[in-house]
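Everything on this sheet refers to the single structure shown next.
Throughout, a chain's letter reflects where its sequence line sits, starting with A, and its residues are numbered from 1.
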Number of protein chains: 2
Amino acid sequence: MKEGRLAKVSMREVAAHAGVSVGTVSHVINRSQKVSEDTIAKVSRSIDVLGFVRNAAARQLRSGRSSSLGLVVLDTANPFFASVAHGAREACDAAGLSLLIGDSGTEVARESKYLDLFAEQRVNGLLVTPSGADLSKLEGIASRGTPVMLVDREAGGYSLSSVTVDNAAGGRMALDHLIAGGCAKPAFVGGPFTLPQVSDRARGARERAAESDLDLAVFETDELTILAGRSIGEHIVSLPEEERPDAVFCANDLLAVGFMQAVIMFSALRIPEDLALIGYDDIDYAFSTIVPLTSIRQPADLLGRTAVESLLAENESGEQAHRDEKFTPELVVRQSTKDV
Amino acid sequence: MKEGRLAKVSMREVAAHAGVSVGTVSHVINRSQKVSEDTIAKVSRSIDVLGFVRNAAARQLRSGRSSSLGLVVLDTANPFFASVAHGAREACDAAGLSLLIGDSGTEVARESKYLDLFAEQRVNGLLVTPSGADLSKLEGIASRGTPVMLVDREAGGYSLSSVTVDNAAGGRMALDHLIAGGCAKPAFVGGPFTLPQVSDRARGARERAAESDLDLAVFETDELTILAGRSIGEHIVSLPEEERPDAVFCANDLLAVGFMQAVIMFSALRIPEDLALIGYDDIDYAFSTIVPLTSIRQPADLLGRTAVESLLAENESGEQAHRDEKFTPELVVRQSTKDV
DNA sequence: CAGCCTCATTGAAACGTTTCAATTAGTTTC
DNA sequence: GAAACTAATTGAAACGTTTCAATGAGGCTG
């Protein structure tokens, strides 16, 4: 019953126990210099016996290296970002890095808090989906030597690298499909419009609508959640028929899922006959909604993976030039829209 | 255009720039001792001008404090664990701690890797949903002074605290409901059975079935994912009618969602008339499946929050006694089962 | 056996903070 | 005007590593 009460053991104790110097212990642990078989055995044994655990803080302080990346996304509960994080994590694992994840909840203040935290942690790089329009803080961080990669957000005028999926093209695709299905009164549901992901999708959609001489009604939401979708849906289905859209393009699948709930709970409208519905992201659940959801698929996993890999590549090559990698989304047709 | 090229600035530079000692700078930053208004202003200005950022490694090394908790879950993509993580994060934010998250993918090796990583990080505490049966490693960590809290897993014989939801009771509830709806050939779908969450739910279900003189058929899966649900579903709907269950209890909602996809794609069976279906967790999407899914709701968010709070409380009070906090799940009836 | 390798090990200086006892300057008290 | 306080500031010692130049012990060579 000898409970090894918090006897914090450092390399000094290990060295003493094994009868060697501290430097030797370090070399055994890191294989940083040749050590004889005998010594390795002795030291390893002492490490086990004493239950020594390396101190990451000390090691990082001395070596300057940190071996971690920071990722800040808008909402970890959103399956799209969960996939992004998953892809990023896999890429980090492969590179022997650990990934710190922050959830900004689309709030600039929280995002900023995580950026500061990660900066203090001296992460090797930062992957960020920014919440606000002003990227100067990120630019500052990048110019001070920490590589920054924008995820699902273009650099705009800022001097930053990015990995994105073409949102305007996606919006255009969505409307193209709805119009081909014969829709006459399309609407866009989403928000906040301060998010370029939202406004770009809306813009692409509006442009395509205009080409067919159609107006695109816009219903702005506060969030991109199931709940927000349900409440705006409740509003829209209660509109008099002449004001009600006959096709709704939701800025993401969570909104669409909530919207569908509202249509079914609060109206007798049929999907897609009376109201066509298309989402964005093609999350796993889109396939399984009451009426299976047509959606615009984004390669989320790939986005995360690519972001990490590009960051590391850029880091390694000490490159200055910023790259913008842009993927193209893909239409996935299911029953919530009229197939053509 | 003066790009502050990686001029790594430490407290020494700040002190020099402000014309004070390093100690004073530290006191300004941490408010750890009274400093005159004048000096505070001077130092703050120097910090801004030089772009000083605290070095977390050095600060932690010296102070011994780390202000972070580690959380290891089975699968971050599973909405249940996403909610647990969310609750934990909120509680951490409230306590001024940062939360490190690891995803074990139900692999003991990956879990172990994260535990080591967190140990090196000297986290203030560990929240773990273990993948394997052997908790001796965790017990060892706890006895060496790092508080450990099991999440969604009981301590069994081990000397550890836990926060759980009663799985056997949940399984019992599910079967109770199915039997009340008139089911005669119930089945359980889930796995791996090495996870107590799975085996306890199955056990509760089997016991309740036995009380009504019914057998519970068991179909084991490798994972608790949509895909696994779909493939076992494909198998089950293709069974000859006399072997086919008339009610299926899935060990979680992801399985149930996949199962439902299979039923619809590969059979003409109606839910719930020909086949009743009940899931577990009551994730947000359960409400929106093709046939809205009956499920056993777990307070996931609360689980995460409580885990953190209990850990901190235990930590603070320096308590030795281990507590087991157990919540009770709740049946949520929707259309995938016959209401009674 | 002097000189020169090679191989393994060592000792001590850094890394950037926090912390605490010591110092200085200024103010009050008798 | 000495003594006793208070308030603000300082200096230096840790914290646990990594790293690098230096040391020592053999073994070879000529």
Side-chain angles (χ1 to χ4, degrees), chain A residues 6-44 46-47 50-68 116-117 119-124 144-145, chain B residues 6-44 46-47 50-68 116-117 119-124 144-145:
Chain A
L6 39 137
K8 41 186 71 181
V9 29
S10 71
M11 279 173 60
R12 198 181 358 264
E13 280 81 48
V14 174
H17 185 271
V20 298
S21 76
V22 173
T24 303
V25 175
S26 175
H27 289 133
V28 170
I29 290 173
N30 304 303
R31 318 197 167 315
S32 45
Q33 215 174 89
K34 187 117 185 58
V35 179
S36 75
E37 287 301 327
D38 275 6
T39 316
I40 291 183
K42 257 192 313 186
V43 172
S44 307
S46 299
I47 288 178
L50 300 178
F52 167 74
V53 176
R54 299 187 295 201
N55 184 321
R59 125 188 297 243
Q60 175 180 335
L61 170 58
R62 171 59 229 219
S63 68
R65 289 186 284 274
S66 84
S67 73
S68 62
D116 290 344
L117 186 67
E120 292 183 6
Q121 227 84 248
R122 300 290 190 270
V123 293
N124 289 336
R144 248 172 270 120
Chain B
L6 38 136
K8 40 186 71 181
V9 28
S10 70
M11 278 172 61
R12 198 182 356 265
E13 280 81 48
V14 174
H17 186 270
V20 299
S21 76
V22 172
T24 303
V25 175
S26 174
H27 289 133
V28 169
I29 290 173
N30 304 304
R31 320 196 165 313
S32 45
Q33 214 173 91
K34 188 120 182 61
V35 178
S36 75
E37 287 301 327
D38 275 6
T39 317
I40 291 183
K42 256 192 312 187
V43 172
S44 306
S46 298
I47 287 177
L50 300 178
F52 167 73
V53 176
R54 299 188 293 200
N55 184 322
R59 122 188 297 241
Q60 175 180 333
L61 171 59
R62 170 59 231 220
S63 67
R65 288 186 285 275
S66 87
S67 73
S68 61
D116 291 343
L117 187 68
E120 292 183 7
Q121 228 84 247
R122 299 289 190 270
V123 294
N124 290 337
R144 248 171 272 121

When rounded to the nearest 0.5 angstrom, what is the spacing between CG in Asn30(A) and CZ in Arg54(A)?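 So the CG of Asn30(A) and the CZ of Arg54(A) are separated by 6.5 Å.
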Measure from the side-chain N and O atoms of [X] to the backbone N and O of [Y], and report whether any donor-acceptor pair falls under 3.5 Å.
X        : Y         : answer
Gln60(A) : Gln121(A) : yes
Glu13(A) : Ser10(A)  : yes
Ser26(A) : Val22(A)  : no

Whole-Å distance between [N] [atom2] and [X] [atom1]?
X         : N       : atom1 : atom2 : result
Arg31(A)  : dT19(D) : CZ    : C1'   : 18 Å
Arg59(A)  : dT17(D) : CZ    : C1'   : 8 Å
Glu120(B) : dG16(D) : CD    : P     : 15 Å
Asn55(A)  : dT17(C) : CG    : P     : 16 Å
Phe52(A)  : dG16(D) : CZ    : P     : 10 Å
Gln60(B)  : dG16(D) : CD    : C1'   : 11 Å
Ile47(A)  : dT17(D) : CD1   : C1'   : 13 Å
Arg65(A)  : dC15(C) : CZ    : P     : 15 Å

If we only count heavy atoms from C-beta on, is the [X] to [Y] side-chain gap below 4.5 Å?
X         : Y         : answer
Arg144(A) : Val9(B)   : no
Val53(A)  : Arg122(B) : yes
His27(B)  : Thr39(B)  : no
Val20(A)  : Val35(A)  : no

Could you give me the CA-CA distance, side-chain angles and deciding distance for Lys42(A) and Thr24(A), then say whether side chain to side chain contact (heavy atoms under 4.5 Å, CB included) is met? CA-CA 11 Å; Lys42(A) 257 192 313 186; Thr24(A) 303; over 6 Å; no
Protein-to-nucleotide contact annotation, 5' to 3' order, nucleotides 6-14 of chain C [B base; S sugar-phosphate only; - none; under 4.0 Å, heavy atom]: --SBB--BB
DNA chain D contacts among residues 10-17 of chain A, heavy-atom distance under 4.0 Å: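 Hits under 4.0 Å, by residue number: Ser10(A), Met11(A), Arg12(A).
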Ser26(A) side chain near dT17(D) phosphate (N/O to OP1/OP2, under 4.0 Å):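 False: Ser26(A) side-chain N/O out of range (4.0 Å or more) of dT17(D) OP1/OP2.
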